[in-house]
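Here the structure comes first, spelled out in structure tokens, and everything after it is commentary.
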Amino acid sequence: MSSVKIERPRGTRDFLPDEMEKRRAVERLMREIVESYGYREVCTPTFEHLELFTLKSGEGILEEIYAFKDKGGRDLALRPELTAPVMRLFVNECKVMPRPLRFYYFANCFRYERPQRGRYREFWQFGVELIGSDRPESEAEVIAIAYRILERLGLDFELRIGHVGVLRELLKDLNEEKSSKIMRLIDKGEMDELEEYMNELNLGELYEKIKEIVKVKGKSDVIERLDLKKDVKERITKVCSLCDAYEVEYSIDLSIVRGLDYYTGIVFEAYAEGLGAQKQVCGGGSYRLAHVFGGEDTPSTGFAIGFDRVMEVCKIEPERKLKIAVVNAGDYELALRVAENLRREVKAEIVMDVMGRSLKKQLSHFKDYDFALIVGKREVESGIYSLKDLKTGVQEKLNFEKVVEKLKKEVKE
RNA sequence: GCCCGGAUGGGGUAGUGGUUAUCCUCUGGGACUGUGGAUCCCAGGAGCCGGGUUCGAAUCCCGGUCCGGGCCCCA
């Protein structure tokens, strides 16, 4: 302990095996679900040109970006999210692939923020991008997948669907500064402040309209009564009826304003119980980004799930692996050979003592294991091994084939 | 970026301006060299970092770091 102790950087975490097993189990479940919808995994670099994220991501993310210059003087950034990188990949690599493309990713992201529960500087996102379609079918599919994942994880959550087109249409005559301030106030739900601000701008009439729209909450029928542009209204109605067919539970919420500026149509968010301020576990929607990165204008829909937030509240437990100790009675090499043979036959954790412990100490050390196979000269010469069930203490004398047979059966159970 | 609250062996803790820092757990070994969990014994391991006050600081003060809670924002 003479040298300086090096701590983890702020907002990062170490994961021990128990935690990793749980994370991998959740990851596996997510992969299974999206793959069952035909999505295939992509992987992009951990860092990209800074520009990729500054072009269209919105102010919120820019302040939090980990940016740096490399030794060649290039401006680079650790990815703060994956939609932009995946769209860059799409533009670079996928020009002639048949549409639509169904991609998913599971990757770490970096944002310079004040760490809290469910908020880290390195965190993981699991998400999908459905690229090349602007039809309601694709939007409903993406929403349904997000819903299925959260449902299968056993989360207590709420899904809200909105459409940024509604507010954008109302605010289209205002300049960027005014409309983004208004959007921000709507997002925060600060209606009093909004009223004040809009009255200052002589926009009282517009405020009343916004107020009507923002307070709407409920199923698709609430849309009917609103005075909206025809195509937006039809779109919301169609996506809702498809979601109904998917048996997805949701409510309409036209006040949803996503933090990223590239969203253009349907947007949605999911909130889970039990996470305090960090309750948003999923966000997504339709966007157009490909043309910003030098590709053709391509409509896409996607979502990202905050993996670490989900981990905080989900109850999934990893499958317990069968644990077998091959215990040596003095001759390590004999036992080692048996252990190697056993590993070829049985899919389990098969472990040997490497501390030179006595037989007694080995059994004591492996007390949490399921089985101990005792291997000494006697066993190897006779071909009859002692297999001890460490939970019950019952010991059986079996030849190697019978040992394999019995353990195989245990693995399945 | 703002406002609170914390930090004592690997984990959980006690204590309080004054010897060698408490207890539990844990880890390794022994009693016990072919059969575990009990018991007993031995060993290991700690006051976040830096500065200040003081004869003396883990304890009081200041700064920093990290963690937790809230705000903001977001996943």
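Convention: sequence-line order gives letters A, B, ...; per-chain numbering from 1.
Looking at the side chain of Leu390(A), the nearest of the listed nucleotides G28(B), G36(B), C73(B) is G36(B). Closest approach to the Met355(A) side chain among A75(B), G28(B), C72(B) is made by G28(B) (side chain taken as heavy atoms from C-beta onward). Ranking G69(B), U35(B), A75(B) by closeness to the Ile374(A) side chain, first place goes to U35(B).
Within the 3.5 Å criterion, the main-chain N or O of Gly165(A) finds a donor-acceptor partner in the side chain of His163(A).
Cation-pi contact between Arg31(A) and Tyr104(A): absent, since separation from the ring centre below 6.0 Å together with deviation from the ring axis within 45° is not met. Cation-pi check for Lys279(A) over Phe157(A) is not met; the charged atom does not lie both under 6.0 angstrom from the ring centroid and within 45 degrees of its normal. Annotation: cation-pi pair Arg121(A)/Tyr112(A) present, NZ/CZ under 6.0 Å from the ring centroid and within 45° of its normal.
Taking atom CZ of residue Arg357(A) and atom P of nucleotide G29(B), one finds them 5 Å apart after rounding to whole Å. Distance CD1 (Ile384(A)) to C1' (U35(B)): 18 Å, rounded to an integer number of Å.
Rounded to whole Å, the C1' atom of A21(B) lies 9 Å from the corresponding atom of A58(B). A distance of about 24 Å separates the C1' atoms of G6(B) and G45(B), rounded to the whole Å. Separating the C1' atom of C61(B) from that of G69(B) is a span of 26 Å, rounded to the nearest Å. Here, C73(B) and A14(B) have their P atoms 38 Å apart, quoted to the whole Å.
Note: Phe126(A) and Phe106(A) have tilted aromatic rings, judged against thresholds of 30 and 60 degrees for the angle between ring planes.
Evaluation of atom-type donor-acceptor distances gives a pair under 3.5 Å for the side chain of Arg309(A) against the base of C74(B). A donor-acceptor contact under 3.5 Å is formed by the side chain of Glu113(A) with the base of A75(B). A donor-acceptor contact under 3.5 Å is not formed by the side chain of Arg119(A) with the base of A75(B). Contact of Arg114(A) with C71(B) (side chain to base): no donor-acceptor pair of N or O atoms is detected under 3.5 Å. Side-chain N/O atoms of Lys360(A) and base N/O atoms of U35(B) include no donor-acceptor pair closer than 3.5 Å. For a distance-only test at 3.5 Å, the side chain of Gln395(A) qualifies as a donor-acceptor partner of the base of U35(B).
If you check G68(B) for Watson-Crick or wobble pairing at under 3.5 angstrom, you find it paired to C4(B).
Both thresholds, 5.5 Å between centres and 30° between ring planes, are met by Phe123(A) relative to the base of A75(B), so the two rings are stacked.
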